[in-house]
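Notes follow the structure.
Just so it is clear: chains get the letters A, B, ... in the order the sequence lines come, proteins before strands, and each one is counted from 1.
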Protein chains: 2
Amino acid sequence: MLTIGTLAKRTGTKVQTIRYYETIGLMPEPERTEGGQRRYGQAELDRLSFVRHGRQLGFSLEAIRDLLDLADNPAQSCADADSIARQQLKQVEDRIDRLVALRLELKRMISECGHDSVAQCRVLEVLRDHAECLTDHNSIGG
Amino acid sequence: MLTIGTLAKRTGTKVQTIRYYETIGLMPEPERTEGGQRRYGQAELDRLSFVRHGRQLGFSLEAIRDLLDLADNPAQSCADADSIARQQLKQVEDRIDRLVALRLELKRMISECGHDSVAQCRVLEVLRDHAECLTDHNSIGG
DNA sequence: GATAATCCCTCCAGTCCCTGTAGGTTCAAG
DNA sequence: CTTGAACCTACAGGGACTGGAGGGATTATC
């Protein structure tokens with residue numbers, strides 16, 4: 001029987017976040033001690049690990065909820081899970097592309113800077129000048 | 001003289017977002033027509049492009065504000081801008097690493113799935129089983 | 001068995017970065 | 001001059017947490 005703090009540490013989650021997951025129905029209401037404190041078992045540890053891992057991988061809580069629903073009703077086909085994964089893969093590749101472009105830009109900014117002299121600092125120009133060519137009207141993320 | 005809608009289109013921003021940037025002081029209060037509608041010029045287009053580009057590249061509004069402050073006071077050294085860029089680069093590389101790991105995971109999930117049969121669908125197991133090894137107690141981002 | 005440190009509880013407000021809606025006004029085209 | 005799109009303000013909501021106040025429970029130590 002794990003306390004909420006232990007569960008938090010084991011999964012790299014904040015205690016409040018676990019309680020938040022409970023309020024939105026992503027985590028079940030756990031057992032309580034006589035004093036009213038939450039106690040968790042292996043099932044909850046697994047489930048929270050799943051959630052956290054999904055979040056770290058960029059899934060929205062909504063997508064994670066869908067996957068958990070699939071897990072809770074294993075009699076269904078995995079086509080749904082597959083399509084969720086495919087959708088996610090696209091977004092992930094998009095993000096990687098943009099971040100790689102950013103990395104390049106930042107490296108160039110840093111290499112062109114570092115002279116401690118305004119005349120040679122092009123950080124701001126770089127960011128401004130490339131604004132239009134890179135505007136792709138996509139959502140920024142979040 | 002550009003309307004807010006035109007500015008929005010040119011920069012891939014929503015109209016409300018531009019007004020929001022104004023309320024938080026990231027964009028200046030623009031000229032108005034007699035009727036009270038906002039009209040923008042090249043300076044605002046540049047500034048907003050800068051902001052959006054920064055956002056697309058993963059900068060927080062706070063970091064962007066810092067950079068804009070530097071741009072507004074060009075008499076300072078660029079050491080500050082440089083350190084902002086360096087900090088950002090680290091975060092970007094972190095995110096890339098995590099996303100690349102995710103991509104791999106997702107690809108494996110998809111390749112192992114697609115059989116439309118529960119017995120062979122390992123999506124959920126993959127996500128759960130790898131939860132602990134990848135827990136790194138880092139912030140998830142945002 | 002008392003005490004102190006640490007953890008836990010609820011409730012609620014705040015953060016970040018927008019996004020959407022309601023109800024009304026202005027502008028440009030035909 | 002009328003229509004319809006675009007604009008205005010003001011405010012609520014959303015996603016995913018995060019932090020704090022004020023108080024109770026548990027555990028380790030003396």
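Proximity of A:Thr33 to the phosphate of D:dA25: no side-chain N or O atom is located under 4.0 Å from OP1 or OP2. Side-chain N/O atoms of A:Arg19 include none lying less than 4.0 angstrom from OP1 or OP2 on C:dC12.
Considering only side-chain atoms of A:Arg32, the nucleotide from C:dT10, D:dA16, D:dG24 that sits closest is C:dT10. Among the nucleotides D:dT18, D:dC7, C:dT19, the one closest to any side-chain atom of B:Thr17 is C:dT19.
Residue whose closest nucleotide on DNA chain D sits further toward the 5' end, between A:Tyr20 and A:Arg39: A:Tyr20. Two residues, B:Glu34 and A:Thr3, neighbour DNA chain C, and the one matched to the more 5' nucleotide by heavy-atom proximity is A:Thr3.
At distances below 3.5 Å, at least one donor-acceptor pair connects side-chain atoms of B:Arg47 with backbone N or O atoms of B:Leu26.
Summarising the geometry, the separation between CE on A:Met1 and P on D:dT27 is reported as 14 Å, rounded to the nearest angstrom. Rounded to an integer number of Å, the gap from NZ of A:Lys9 to P of C:dT6 is 11 Å. Between B:Ile24 atom CD1 and C:dC17 atom C1' the separation is 8 Å, expressed in whole Å. Distance A:Glu22 CD to D:dC17 P: 15 Å, rounded to the nearest Å. When rounded to the nearest whole Å, the span between CD of A:Gln37 and P of D:dT26 equals 5 Å. Rounded to an integer number of Å, the gap from CG of B:Leu2 to C1' of D:dA6 is 15 Å. The interatomic distance linking B:Ile18 (CD1) with C:dT19 (P) rounds to 12 Å, in whole Å. Rounded to an integer number of Å, the gap from NZ of A:Lys14 to P of C:dC8 is 14 Å.
Side-chain heavy atoms closer than 4.5 Å link hydrophobic residues (I, L, V, M, F, W, Y) into clusters, and following such links, even through other members, never connects A:Leu48 to A:Met1.
Counting any heavy atom pair closer than 4.0 Å across all strands shown, B:Leu61 reaches sugar-phosphate atoms only and no base atom. Residue B:Ile4 is classed as a sugar-phosphate contact, given heavy-atom separations below 4.0 Å to backbone atoms only.
Two residues are said to be in side-chain contact when any heavy atoms from C-beta on lie closer than 4.5 Å; B:Glu22 and B:Pro30 meet this criterion. A 4.5 Å side-chain heavy-atom check between A:Glu93 and B:Arg103 finds at least one atom pair inside the cut-off.
The side chain to side chain contact (heavy atoms under 4.5 Å, CB included) with B:Arg52 is formed by just one residue from the set B:Thr17, B:Ile64, B:Ile18; it is B:Thr17.
In terms of polar N and O atoms assigned as donor or acceptor, the side chain of B:Gln16 comes within less than 3.5 Å of the base of C:dG20 in a complementary pairing.
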